[in-house]
Structure formats: C-alpha cells, structure tokens
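For reference, the structure is listed below as structure tokens.
Every chain is numbered from 1, with letters handed out A, B, ... down the list of sequences.
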Amino acid sequence: MTARKRYWLMKSEPDTFSIDNLRKVGTEPWNGVRNYQARNFMRDGMQVGDGILFYHSNCTVPGIVGIARVASAAYPDPTQFDRKSDYYDPKSRPEEPRWMLVDVAFERKLARTIALEEIKQHADALGEGFALTQRGNRLSVMPVTAAQWKYLLSLE
DNA sequence: GCCAACGTTGGC
DNA sequence: GCCAACGTTGGC
C-alpha cells in the first residue's frame with residue numbers, strides 16, 4: 001500500500017549548496033538540519049517519491065529555483081557523529097541518533113526563479129497556512145499542500 | 001552588515 | 001518550570 005504523494009519545500013543557501021550543485025551530483029544526503037521541527041518533517045512525514053520545491057535562501061534573489069524529490073527513507077545524519085564536521089553534535093549517541101535526514105534527488109531547474117517577493121504577492125491564494133510567507137518563519141523544511149504546489153508551479 | 005524573530009540553553 | 005541570555009536564520 002502506497003501512501004499519497006506529499007510535497008515539501010526545502011531551503012538551501014546557494015553559497016553552501018545550490019540547485020546547480022544538486023544537478024551535478026544527482027542525489028545528496030540532506031545533512032546539517034539541526035531543528036527539531038524540520039527533522040520531524042523528514043523523519044515522520046517524508047516518503048520516497050515526494051516532491052520538493054528547492055528554495056535558495058540568504059542570497060540576492062531568494063526564491064524557488066528547482067524541483068527535487070525525496071530519494072530515501074529517513075536515516076541518521078552521519079555528520080552529527082563527525083567531530084570534524086560543523087554539524088557535529090556531542091550530545092547525540094549512535095545508539096540513539098538525534099538528527100535524521102533523507103536523500104534528495106535532482107529533478108529539474110525551473111525555467112525561472114519564482115522569487116520570494118513574487119510569492120508574497122500571491123499570499124492570499126496560497127492561504128494563511130503557508131509557512132514561507134508567514135512573518136519570521138525560519139523553518140528550513142516545511143510541508144506544501146498539493147494545491148500550493150500546483151499554484152506555485154503555475155507561476156513558472 | 002543590520003536586526004527582528006525565534007529556538008535553545010542553563011541558572012535558579 | 002520560568003525566563004534571560006545567547007546563537008542562528010534569513011530578508012533586507
């Protein structure tokens with residue numbers, strides 16, 4: 001029995017890991033998420049094949065730049081046990097890992113960037129539940145409804 | 001580079 | 001369990 005496909009938005013700083021980086025490598029473990037809410041979405045919500053809006057944050061034109069898909073079930077983020085990693089978490093133990101991730105696979109780049117500025121203009125159509133346009137929201141992984149997915153891609 | 005928002009930590 | 005201090009995110 002296969003559950004219905006779900007949709008997500010995932011933020012990445014292009015200076016660290018851009019949509020072009022993802023296109024090059026094909027599939028990437030989404031490591032470094034250190035926020036419980038974002039982790040829970042990956043661990044409890046994501047299923048292989050789910051759609052991902054790839055979002056560039058902290059850059060000149062923040063916005064949605066591509067589409068990816070969930071390519072693995074959730075598994076422990078190995079960087080949490082790597083002392084040399086920026087993401088090392090001394091409080092996490094291998095027998096009880098604190099941080100989980102999924103693999104993310106490249107699908108395509110959008111024909112153009114759907115900028116945050118533009119998305120904000122459609123806030124009414126997207127509904128109040130859309131976390132990206134809610135003031136002060138810093139979540140790096142968030143759910144997107146099928147309707148929001150469709151609407152956002154219709155802007156492309 | 002600034003700073004508002006907000007999550008986490010740790011003293012009490 | 002409260003809450004001040006602190007660190008991070010991320011738009012601008």
Those residues that, when tested against A:Glu107, pass side chain to side chain donor-acceptor pair (under 3.5 Å) (two or more places apart): A:Arg69

Taking any atom under 4.0 angstrom from a heavy atom of chain A, which nucleotides of DNA chain C are the first and last to qualify, 5' to 3'? C:dG7 to C:dC12

For A:Arg93, check side-chain contact (heavy atoms from CB on, under 4.5 Å) against everything at least two apart and list the hits. A:Glu95

What residues form a ring-ring contact (aromatic ring centres under 6.0 Å, His included) with A:Phe41, not counting sequence neighbours? A:Trp8

Judged by nearest nucleotide, the residue sitting upstream toward the 5' end of DNA chain B, A:Asn137 or A:Lys91, is A:Asn137

If you look at every strand shown and take non-hydrogen atoms under 4.0 Å, does A:Leu132 touch a base, only sugar-phosphate, or nothing? nothing

Let me have the donor-acceptor pairs involving side chains of residues 145-153 of chain A, under 3.5 Å, with sequence neighbours excluded, atom names and distances please.
from, atom 1, to, atom 2, distance (Å)
A:Thr145, OG1, A:Gln148, N, 3.0
A:Thr145, OG1, A:Gln148, OE1, 3.3
A:Gln148, OE1, A:Thr145, N, 2.9
A:Gln148, NE2, A:Leu126, O, 2.9
A:Tyr151, OH, A:His122, ND1, 2.6

Can you name the side-chain contact (heavy atoms from CB on, under 4.5 Å) partners of A:Arg138, sequence neighbours left out? none

Which comes earlier along DNA chain B counting from the 5' end, the contact point of A:Gln37 or that of A:Asn58, where each point is its nearest nucleotide? A:Asn58

